[in-house]
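Below is one structure, written out as structure tokens, with a few remarks after it.
The structure displayed is predicted, hence computed values, not measured ones. Naming: A, B, ... by sequence-line order, numbering from 1 per chain.
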There are 2 protein chains.
Amino acid sequence: MATIKDVAKLSETSVGTVSRYLNGYPIKTVNKEKIKEAIKCLNFSINSIARGLKTNKTFTVGILIPKLANLFSTSVIEGMDQVFDAFGYSILVCDSKNSLEKEKEKLKLFKDKLVDGIILMPVNNSEQHIREIQESGMPIVLMDRLVNNLQCDGVVSDNVNGAYQAVEAIINRGHRRIAIIAGPQNIYPAQERLEGYLRALKDYNIEVDHNLIYEAELTREGGYQGITSFCVMDEPPTAIFTSNDETTIGAYKAILERGLVIGEDISLFGYDQTELCQMVRPQISVVIQPLETIGRRSAEILISRMKGNYTGFPIVNRLKTEIVVTDSVKTVS
Amino acid sequence: MATIKDVAKLSETSVGTVSRYLNGYPIKTVNKEKIKEAIKCLNFSINSIARGLKTNKTFTVGILIPKLANLFSTSVIEGMDQVFDAFGYSILVCDSKNSLEKEKEKLKLFKDKLVDGIILMPVNNSEQHIREIQESGMPIVLMDRLVNNLQCDGVVSDNVNGAYQAVEAIINRGHRRIAIIAGPQNIYPAQERLEGYLRALKDYNIEVDHNLIYEAELTREGGYQGITSFCVMDEPPTAIFTSNDETTIGAYKAILERGLVIGEDISLFGYDQTELCQMVRPQISVVIQPLETIGRRSAEILISRMKGNYTGFPIVNRLKTEIVVTDSVKTVS
DNA sequence: TTGTATGCGTTATCAC
DNA sequence: GTGATAACGCATACAA
């Protein structure tokens with residue numbers, strides 16, 4: 001790779017002049033031409049990393065996600081990418097594989113002058129390593145999951161209401177034994193969705209049966225196991241609410257394998273509108289989060305922070321969800 | 001952020017000594033203790049980017065994909081990540097959004113000492129920019145898509161046979177008017193899959209009807225439009241073969257919306273086993289690519305190249321596919 | 001306007 | 001073993 005030095009030599013100027021040319025400062029027209037020529041000739045282009053070492057700006061942002069391989073993550077990332085792209089930022093995506101260790105590791109990599117800012121969907125409620133990022137002066141915004149004991153910018157969806165509306169819709173169709181496949185309670189949206197479930201039951205005077213609360217990992221296996229556990233009960237639930245896209249898919253699969261008919265033998269209300277939920281018959285009722293908007297808003301906040309605008313810290317955007325109710329929830333009398 | 005210089009000062013040694021400690025060279029025990037102490041005290045950790053500037057090694061690899069948001073991409077990436085992780089490499093994922101311009105741009109970013117090697121799923125058959133990467137000495141391996149006029153390491157699946165077997169299975173169930181939703185013919189696997197289709201027809205003495213070949217973008221819209229176009233024909237096909245995961249989903253959607261019953265009114269054979277294909281009834285017949293293996297093999301080749309082992313260049317791995325035939329293909333007599 | 005010198009955080013090469 | 005010091009590729013203050 002040709003460097004700025006090579007360009008200086010070939011154009012018979014100096015590195016200073018070349019650098020000034022590259023950064024748009026005024027230089028003599030003669031030199032400009034010679035430098036242009038040399039750059040083309042050497043196929044030179046600027047090394048943005050080395051530049052970042054000096055300027056502390058790389059025009060790159062890091063995105064760290066606990067699991068890349070699902071609709072939620074990739075949709076949100078697409079939303080972010082739109083915005084970042086429009087503002088001239090490149091994105092670098094990393095997967096923490098649901099491991100706090102990996103999360104710390106990748107965050108460290110980002111901090112090493114690799115990126116100008118970070119969007120993080122944290123693995124869980126741990127806060128110390130995030131706080132260190134903040135103290136280092138690197139802008140960071142949380143996405144989808146806030147962290148309980150941390151002041152930090154963030155964009156989340158209104159999980160409590162999302163879950164509440166779902167459970168309410170189930171109740172309105174006449175169900176009383178409503179189960180939830182909840183997520184780990186050290187994860188923020190999982191907490192909130194369980195809270196929404198509980199609140200709805202309370203508002204409609206339905207007593208909570210703790211056997212109907214299955215705390216699972218937010219994975220397909222988690223959803224699958226949840227169904228399995230409910231189905232062997234003496235008095236199984238008539239309707240089941242799942243807490244995210246993956247548990248919904250897992251639950252669907254388990255129900256299918258047991259030969260049960262959704263909307264007849266058992267009712268299902270999921271979270272996040274995957275293709276599966278839309279294309280299967282009956283369609284699955286779901287809470288829909290504005291995934292791309294979550295991505296876009298996170299990006300917008302981060303950009304404003306990277307520009308040095310720290311007004312209103314911490315900004316927490318809580319975006320509204322919608323529900324789609326289908327025949328996957330049976331109307332009972 | 002504390003630097004090596006701060007550590008040297010606090011531990012009353014020199015940057016040289018600290019660096020040697022950090023890199024595992026022998027140093028006096030007294031100093032070792034003092035340095036350890038200082039590192040802990042300052043919460044220092046090494047800046048891998050600055051180090052990379054000097055050593056030309058960052059233990060990071062770049063992965064560039066034309067579209068992140070689908071099963072294919074994320075599954076393959078998971079496979080890679082397993083291997084890279086085991087070898088101590090971090091991965092950085094970028095999306096070229098199906099744009100050659102973006103592909104060049106991101107490749108440039110990678111080349112700027114950001115990564116030690118690259119895995120690329122190219123947008124199309126353009127080769128010049130890839131050749132420049134090779135000439136710069138940066139190892140690169142192509143994934144899923146080879147490039148026609150380029151010598152380069154690569155891992156692909158056996159698309160010709162995959163498509164052949166699918167079409168053969170359709171023929172064996174008695175179909176004669178078999179359509180294909182093919183991809184753009186400047187994309188390698190799309191070429192190969194069309195070739196497999198043609199070859200199967202030829203081997204079974206079925207004349208090619210060019211109206212039954214719909215060249216679409218490899219997107220949901222592409223698949224959707226393909227179906228739409230076939231359905232308005234005077235003599236529509238009885239079976240349709242789609243070229244990738246996205247066109248399969250789009251085709252499925254279009255068929256659903258038209259109220260046609262798969263396996264009755266029309267037969268469908270897809271590519272890539274998404275959740276949708278498995279969970280819908282009847283299940284969709286598909287060609288299954290070994291996604292994670294594609295990822296793992298690409299990673300293994302890249303690692304060996306990054307270690308300086310260039311034997312057998314160019315290595316091209318062509319992995320076998322499997323087919324699953326279901327009642328989505330009607331048996332006609 | 002221009003070139004030179006210095007520094008970003010690290011490693012590597014020296015003498016010592 | 002150790003401590004200065006020169007690189008890595010670039011930006012920038014400064015003197016010219």
Please work out if [X] contacts a base, only the sugar-phosphate, or nothing of the nucleic acid, heavy-atom cut-off 4.0 Å.
X       : result
A:Ile27 : sugar-phosphate
A:Asn31 : sugar-phosphate
A:Leu53 : base
B:Ile49 : nothing
A:Lys28 : sugar-phosphate

* Given A:Lys113 and A:Asn56, is the side chain to side chain donor-acceptor pair (under 3.5 Å) satisfied, shown in steps? -> CA-CA 6 Å; A:Lys113 309 214 162 246; A:Asn56 277 318; 2.3 Å; yes

Figure out the [atom1]/[atom2] separation between [X] and [N], and round it to whole Å.
X        : N      : atom1 : atom2 : answer
B:Ile46  : C:dG9  : CD1   : P     : 13 Å
A:Glu12  : C:dT2  : CD    : P     : 14 Å
B:Ile35  : C:dT10 : CD1   : P     : 13 Å
A:Asp112 : C:dT11 : CG    : P     : 11 Å
B:Lys54  : D:dT5  : NZ    : C1'   : 10 Å
A:Lys113 : D:dC10 : NZ    : P     : 17 Å
A:Leu114 : C:dC8  : CG    : C1'   : 15 Å
B:Lys9   : C:dT10 : NZ    : C1'   : 16 Å

* Asked: Nearest 0.5 Å, what's the CG-CG distance between A:Leu120 and A:Leu142?
  ->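 If we round to the nearest 0.5 Å, A:Leu120:CG and A:Leu142:CG are 5.5 Å apart.
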
* **Distance (rounded to the nearest 0.5 Å) between B:Ser157 OG and B:Arg297 CZ** =>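 Rounded to the nearest 0.5 Å, the OG-CZ separation comes out at 14.5 Å.
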
* To do: Give a yes or no on whether a salt bridge exists between B:Glu246 and B:Lys67, defined as a side-chain N under 4.0 angstrom from a carboxylate O.
  =>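 Salt bridge present between B:Glu246 and B:Lys67.
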
* Go through residues 13-24 of chain A and report each residue with a non-hydrogen atom lying under 4.0 Å from DNA chain D, sorted by number. =>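 Residues of residues 13-24 of chain A under 4.0 Å from DNA chain D: A:Gly16, A:Ser19, A:Asn23.
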
* **Chi angles and distances behind the side chain to side chain donor-acceptor pair (under 3.5 Å) call for B:Thr58, B:Asp116** => CA-CA 6 Å; B:Thr58 60; B:Asp116 298 345; 3.2 Å; yes

Please tell me if [X] has a side-chain N or O lying less than 4.0 Å from either OP1 or OP2 of [N].
X       : N      : value
A:Lys57 : D:dA11 : no
B:Arg51 : C:dT11 : yes
B:Lys5  : C:dC8  : yes

* For the side chain of A:Ile4, counting heavy atoms from C-beta on, which of C:dC8, D:dG1, D:dC10 is nearest? ->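 Out of C:dC8, D:dG1, D:dC10, the nucleotide with an atom closest to A:Ile4's side chain is D:dC10.
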
* Among the nucleotides C:dA12, C:dT1, D:dC10, which one has an atom lying closest to any side-chain atom of A:Asn47? ->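 Comparing C:dA12, C:dT1, D:dC10 against the side chain of A:Asn47, the answer is D:dC10.
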
* Determine, stepwise, if the pair A:Phe72 / A:Ile65 fulfils side chain to side chain contact (heavy atoms under 4.5 Å, CB included). => CA-CA 10 Å; A:Phe72 178 87; A:Ile65 301 274; over 6 Å; no

* Please work out which of the three classes, parallel, tilted or perpendicular, describes the rings of A:Phe84 and A:Tyr89, given edges at 30° and 60°. =>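 Correct class here is perpendicular.
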
* Start at the 5' end of DNA chain D and walk down; is the nucleotide closest to B:Thr29 or to A:Ala2 reached first? ->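 Nearest nucleotide further toward 5': that of B:Thr29.
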
* Donor + acceptor pair across side chains of A:Ser14, A:Thr17 (<3.5 Å) ->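 Checked: A:Ser14/A:Thr17 side chains pair up, N/O donor to acceptor below 3.5 Å.
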
